[in-house]
Amino acid sequence: MKRIGLFGGTFDPPHYGHLLMAEHAYQQMELDEVWFIPSFKPPHKEEANTTAKDRVEMTRIAIQDHPAFSVHTIEVDREEKSYTVHTIKLLQEQYPDVQFYFIIGGDMVEYLPNWYRINELMELVPFIGVKRPGYTLDSIYNVEEVEMPLIEISSTLIRDRLQSGESVRYLTSPEVIAMINKYQLYS
């Protein structure tokens, strides 16, 4: 049975922290693929600063050189609040021969008790938690732990630096930076 990691988020913009999380989950959990799933409207955050179309494209650009990574637009296509439990159920219907895993960062592990229908969700899909600086993976829920180098890159940091006119070099890929600059996405 194919093992696929699902990595959801706003990806506003995607950055090297996202890519490292996905790569370490991919390697350590021996996944066959990782699907990046940009949200349409995240239920636990403010709305994104850019359009879903731009975030999908930036994510595609960010992962373009990894043969096992791809973008799936299941949440963007639904054009509604992006509840993970709905996404998992749809994917399990569409791909009955796949074992899915849901990849989350340490910040989201602490937030799990607040997720929509979390008990049902925990029965549907195993979670992979990736350590992030400042967060623990301690949880009342069963979360498989993945180690990665601790780096403090966030989409908020990138947006703040762009709005201050500071460099974002080495925080995300040159191709993503080129798209941000071309379309003035965060100015």
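The analysis underlying the following values was restricted to heavy atoms, covering all of them including side chains, and did not include hydrogens, waters or symmetry mates. Because the structure is a prediction, the values reported are computed rather than measured.
- Met179 places a side-chain heavy atom less than 4.5 Å from the side chain of Glu57.
- No side-chain donor-acceptor contact under 3.5 Å links Arg161 and Ser164.
- Residues Leu162 and Glu166 form no side-chain contact, since every pair of their non-hydrogen atoms from C-beta on lies 4.5 Å or further apart.
- Between Phe7 and Phe36, the ring-plane angle classifies as tilted under the 30° and 60° cut-offs.
- At most 12 non-hydrogen atoms from other residues, nucleotides or ligands lie less than 6.0 angstrom from OH of Tyr183.
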Donor-acceptor contacts under 3.5 Å from residues 89-96 side chains, at least two apart:
unit_1: Lys89; atom_1: NZ; unit_2: Glu120; atom_2: OE2; d: 2.5
unit_1: Gln92; atom_1: NE2; unit_2: Leu124; atom_2: O; d: 2.9

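- Applying the 6.0 Å contact sphere to CG of Asn114 captures more than 12 heavy atoms from other residues, nucleotides or ligands.
- Thr50 and Asp12 are linked by a side-chain donor-acceptor pair at a separation below 3.5 angstrom, with hydrogens and angles left out of the test.
- Judged by distance alone, the side chain of Thr73 and the main-chain N or O of Val76 form no donor-acceptor pair under 3.5 Å.
- Phe127 has its ring centre less than 6.0 Å from the ring centre of Trp115.
- Summarising the geometry, atom CE belonging to Met21 is positioned 8.0 Å from atom CD1 belonging to Ile104; distances are rounded to the nearest 0.5 Å.
- Ring geometry, His86 versus Tyr83: the interplanar angle exceeds 60°, so the pair is classed perpendicular (tilted spans 30 to 60°).
- Within the 3.5 Å criterion, the main-chain N or O of Glu147 finds a donor-acceptor partner in the side chain of Gln28.
- Side-chain atoms of Gln184 come within 3.5 Å of backbone N or O of Asn181 as a donor-acceptor pair.
- Arg55 places a side-chain N or O within donor-acceptor distance of the main-chain N or O of Thr10, the cut-off being under 3.5 Å.
- Proximity of a side-chain donor or acceptor of His15 to a complementary backbone N or O of Gly17 within less than 3.5 Å is detected.
- Inspection of the Thr87 and Glu75 side chains reveals an N or O donor paired with an N or O acceptor under 3.5 Å.
- Salt bridge annotation for Lys41-Glu80: absent, with no cationic side-chain nitrogen under 4.0 angstrom from a carboxylate oxygen.
- In this structure Tyr101 satisfies the ring pair (Phe, Tyr, Trp, His ring centres under 6.0 Å) test with no other residue, sequence neighbours excluded.
- Summarising the local packing, OH of Tyr141 is surrounded by more than 12 heavy atoms from other residues, nucleotides or ligands at distances under 6.0 Å.
- Taking the charged nitrogens against the carboxylate oxygens, Lys131 and Glu145 do have a contact shorter than 4.0 Å, which makes a salt bridge.
- Looking at Arg3, its side chain does come within 3.5 Å of a backbone N or O of Glu30 through a donor-acceptor pair.
- Residues passing the ring pair (Phe, Tyr, Trp, His ring centres under 6.0 Å) test with Tyr16, sequence neighbours excluded: none.
- Here the two rings, on Phe100 and Trp35, have centers that are under 6.0 Å apart.
- The closest donor-acceptor contact from the side chain of Ser82 to the backbone of Phe40 lies under 3.5 Å.
- Relative orientation of the His66 and Tyr26 rings is perpendicular, given thresholds of 30° and 60° on the angle between their planes.
- In this structure, the side chains of Ile180 and Pro13 come closer than 4.5 Å at one or more pairs of heavy atoms.
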